[in-house]
Amino acid sequence: MNAHAPIPALDPGCAVDIRQERGQRAVFCGLTGIVWLHRKIQDAFFLVVGSRTCAHLIQSAAGVMIFAEPRFATAIIDERDLAGLADMNEELDRVTRRLIERRPDIRLLFLVGSCPSEVIKLDLSRAAQRLSQSFHPDVRVLSYSGSGIETTFTQGEDACLAALVPEMPREATDAAASLLVVGALADVVEDQFSRLFAELGIETVRFLPARRAGDMPAVGPNTRILLAQPFLADTARALEARGATRLPAPFPLGAEGTTAWLKAAADAFGIAPDHFDAVTAPGRARASRALDPYRAMLRDKRVFFFPDSQLEIPLARFLSREMGAALIEVGTPYLHRGHLAPELALLPPGTQVVEGQSLDAQMDRARAARPDLTVCGLGLANPFEAEGLATKWSIELLFTPIQGYDQAGDLAELFARPLNRRTRLEV
Ligand code: SF4
């Protein structure tokens, strides 16, 4: 069970009702992040050091991708390791060496810690250092933890990106200001944002993670970071420790979020407001047109978010402000008050935000409220459907490109789909 830090006092301007809850939780562990991270960093391999449970989790989360020469696997800690009959470090070296020989395309190898490896205190960071030396310069080996004891779902990405930060080259101290967009985005979304930043006139724009291990961006005191995802607390801290400055902004979900996110960068780089408006106008218009058909379907619909990915608050803001939905409760596994402040300020006054989870109590509240739409994990979705509640599986929000102007319609469609299906089934 993860510990919750106490929430600092509310800002006077923040009118949402935030409280914490503890108890049983129904969330993924951070290993799940491997499913989208391995697609993003195209020459990286993720080797989970864990149990059969971890291997099953990854295989079920990745679905059909397990058949397509995947770039992830599990080194299973077995009884011989646990009984001390085998030297686990030697075993790990042997498994890794065989892997690297078979897959010469790998440039970056992540040793990913799990609950079993954490509990038996296997020192993966030392193993990563040792293996990095022996494979140098062909393969870099890093480690991070995706264990359920320490990480919830998307925090696996945060841990992975934070492990990359010390590897990033140092930006020259006299370099011109650069923009670093942080958070794994689908390539199509990244390309759209690159074009928009170029049209705005921001010259040096880089993305973390890069698509290739050898292309990780430089960082330094002239770097301005713009978080593309709300769950990157450790990564942001590591980048700030290297001198970078974070630009506060809402997240690029929906037309409004995307505009405010781009505006934060534009303001930091001194882009004239007229030019900003001219560059973003076509995207805003496209997004508005794409959202129109879904507004009627989502208006006044009562939505309940279970905690899952930390995307809940930006998604709730999008549904409420752009689609006219009503928010019953917005659960989030963690709430980073600093990073989420611009989002909290946009939620309707009085919105119930719950950090953490006490599963039974939360399910009771959802049943009592009978929401029109319940956003929750796969474990809860079918049982709620059987009780007559329409549900949206939250994991899809991670696997589908949803950021930016051109994905705003797709984002609304993800929420409208279960309502639409229910209507059609009822006819
Ligand atoms: S890391 Fe922990 S929570 Fe995740 S699959 Fe392995 S044992 Fe389960």
Side-chain angles (χ1 to χ4, degrees), residues 1-4 22-39 44-66 70-83 88-89 91-92 95-96 99 109-128 141-163 184 231 233-235 306-311 331-334 356-359 362 376-381 393-395 398-399:
M1 211 65 25
N2 297 304
H4 296 279
R22 294 161 202 235
Q24 198 193 345
R25 309 174 73 203
V27 286
F28 283 121
C29 67
L31 294 187
T32 334
I34 293 171
V35 178
W36 62 89
L37 285 167
H38 90 278
R39 285 192 291 192
F45 194 100
F46 295 79
L47 184 64
V48 177
V49 184
S51 64
R52 286 185 203 286
T53 312
C54 312
H56 285 308
L57 172 97
I58 296 288
Q59 290 190 2
S60 7
V64 294
M65 280 190 282
I66 57 168
R71 279 182 288 102
F72 51 84
T74 308
I76 291 173
I77 301 171
D78 65 18
E79 291 78 9
R80 289 182 63 241
D81 300 313
L82 293 174
M88 291 194 44
N89 285 309
E91 290 275 298
L92 188 58
V95 168
T96 311
L99 173 69
L109 174 69
F110 287 103
L111 302 178
V112 187
S114 65
C115 303
S117 73
E118 298 296 329
V119 168
I120 62 171
K121 300 271 176 272
L122 184 59
D123 191 342
L124 288 184
S125 70
R126 193 168 309 143
V141 185
L142 300 175
S143 72
Y144 72 89
S145 173
S147 84
I149 303 169
E150 291 167 301
T151 58
T152 298
F153 197 20
T154 48
Q155 285 179 316
E157 175 175 331
D158 188 24
C160 174
L161 300 193
F231 44 74
D234 289 350
T235 309
F306 277 71
D308 202 47
S309 62
Q310 299 185 51
L311 280 163
T332 179
Y334 294 95
Q357 187 169 41
S358 171
L359 182 60
Q362 198 166 36
C376 60
L378 287 167
L380 298 177
W393 299 345
S394 44
I395 194 163
L398 265 300
F399 293 173

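Source: prediction; values computed, not measured. Numbering of ligands and ligand atoms starts at 1, following listing order.
Looking only at side-chain heavy atoms (C-beta outward), Arg71 and Phe46 stay at 4.5 Å or farther from each other.
Donor-acceptor pairing under 3.5 Å is recorded for the side chains of Glu150 and Ser147. Residues Gln24 and Gln357 have side chains that never bring a donor and an acceptor to within less than 3.5 angstrom of each other.
Pairs of residues two or more places apart, or lying in two chains, that qualify as side-chain hydrogen bond (donor to acceptor under 3.5 Å, both in side chains) and include a residue from residues 111-121 are Glu118-Ser145.
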- Task: Check the pair His38, Phe72 against ring-ring contact (aromatic ring centres under 6.0 Å, His included), reporting the backbone distance first and the verdict last.
- Result: CA-CA 7 Å; His38 90 278; Phe72 51 84; 4.8 Å; yes
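The ring of Phe110 has its center no closer than 6.0 angstrom to the ring center of Phe45.
Excluding waters, the set of protein N/O/S atoms under 2.8 Å from atom 4 (Fe) of ligand 1 reads Cys29 SG.
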